[in-house]
Amino acid sequence: NASLGFVRAFADESELAVWQNVLAGLGWCDRFVEGDAREGFRSYVRALVGPAFMRLGWAPSHGERDTTGDLRGSLIRAMAITGNDPDVVNKARSLNGQEGADPAVLAAALSVVAAFGSTDDYDRCYNAFLASDSPQEQLRYLYALADFPTPELVQRTLNACMSGDVRSQN
């Protein structure tokens, strides 16, 4: 496809805003691809995003720009969720909630856990939402609840919103 060939031209890009647009488009396309074509698309995503992610790695470099951390988090999400890379999924799971890790990586790791999450993962996320003293952390866990994939967990999130556990402004 010519459009996917065009996107390859951005593989060496280092700007967050450019990657955000590329990844949003890839995420949109992922909704419509099924069967064997989906694995081909995932392979394409891994081949496109993987080199950029490898250049950044999992940890920040001394003196890197703040937007580089956000880019790292976006690439982690893309590799794991859109690209379905099992190594990135497993690493993100191992980093989820780890003290002292980069905040952008922790946010991405939580997104990955939610996207592939089990009922136990949901329970941990929900309990962290309820227990958090930090408004930012509380919202991060709350918004992650909406990313859990099964209808049962979606219903639990809706029930929590209606029960009063979630403030109306959230």
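Residue numbers count from 1 along this sequence.
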Give a yes or no on whether [X] and [Y] share a hydrophobic cluster (residues Ile, Leu, Val, Met, Phe, Trp, Tyr; joining criterion: side-chain heavy atoms under 4.5 Å apart).
X      : Y      : answer
Phe6   : Phe41  : yes
Ile76  : Tyr44  : yes
Val22  : Ile81  : yes
Val89  : Leu48  : yes
Val154 : Leu142 : no

I need the [X] [atom1] to [Y] [atom2] distance, nearest 0.5 Å.
X     : Y     : atom1 : atom2 : answer
Met79 : Phe53 : CE    : CZ    : 7.0 Å
Glu64 : Ser14 : CD    : OG    : 11.5 Å
Asn84 : Ser43 : CG    : OG    : 11.5 Å
Arg31 : Thr82 : CZ    : OG1   : 10.5 Å

Please check if the number of heavy atoms outside Gln169 that lie under 6.0 Å from its CD is greater than 12.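 Count over threshold, so yes.
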What pairs with Tyr141 under side chain to side chain donor-acceptor pair (under 3.5 Å), at least two apart in sequence or on another chain?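 With sequence neighbours excluded, Tyr141 shows a side chain to side chain donor-acceptor pair (under 3.5 Å) to no residue whatsoever.
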Heavy-atom side-chain proximity of [X] to [Y] below 4.5 angstrom:
X      : Y      : result
Tyr122 : Thr150 : no
Leu23  : Leu75  : yes
Val105 : Arg72  : yes
Leu71  : Thr67  : no
Val88  : Val112 : no
Cys125 : Leu110 : yes
Leu16  : Ser74  : yes
Leu95  : Trp58  : yes

Side-chain donor-acceptor contact under 3.5 Å, Ser132 with Glu137: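 Ser132 vs Glu137: donor-acceptor pair found between side chains.
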Output yes when a side-chain donor or acceptor of Glu13 lies under 3.5 Å from a complementary backbone atom of Glu15, and no otherwise.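 Yes: the side chain of Glu13 pairs with the backbone of Glu15.
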Just by modelled atom types, is the Leu26 backbone N or O under 3.5 Å from a matching donor or acceptor in the Asp30 side chain?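 Checking the backbone N and O of Leu26 against the side chain of Asp30, no donor-acceptor pair under 3.5 Å is found.
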Minimum heavy-atom separation for [X] and [Y], please, with both atom names.
X      : Y      : result
Ala144 : Ala114 : O-CB, 3.4 Å
Ala52  : Ala11  : CB-O, 4.1 Å
Leu153 : Ser118 : CD1-O, 4.0 Å
Pro149 : Gly117 : CD-O, 4.1 Å
Ala108 : Gly73  : CB-O, 3.4 Å

Pairwise salt bridge (charged side-chain N to carboxylate O under 4.0 Å, His left out) hits with a residue in residues 154-163, at least two apart: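 The answer is Asp123-Arg156.
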Is the closest basic N to carboxylate O distance between Asp121 and Arg93 below 4.0 Å?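 Looking at Asp121 and Arg93, the cut-off is met.
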Tell me, please, which residues at least two apart from [X] pass salt bridge (charged side-chain N to carboxylate O under 4.0 Å, His left out).
X     : result
Asp12 : Arg55
Glu39 : Arg46
Arg77 : none

Would Tyr126 and Asp165 satisfy side chain to side chain donor-acceptor pair (under 3.5 Å), going step by step from the backbone distance to the final call? CA-CA 10 Å; Tyr126 188 76; Asp165 284 349; 2.3 Å; yes
Which residue pairs pass the side-chain hydrogen bond (donor to acceptor under 3.5 Å, both in side chains) test with at least one member in residues 18-27, sequence neighbours excluded?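 Residue pairs with at least one partner in residues 18-27: there are none.
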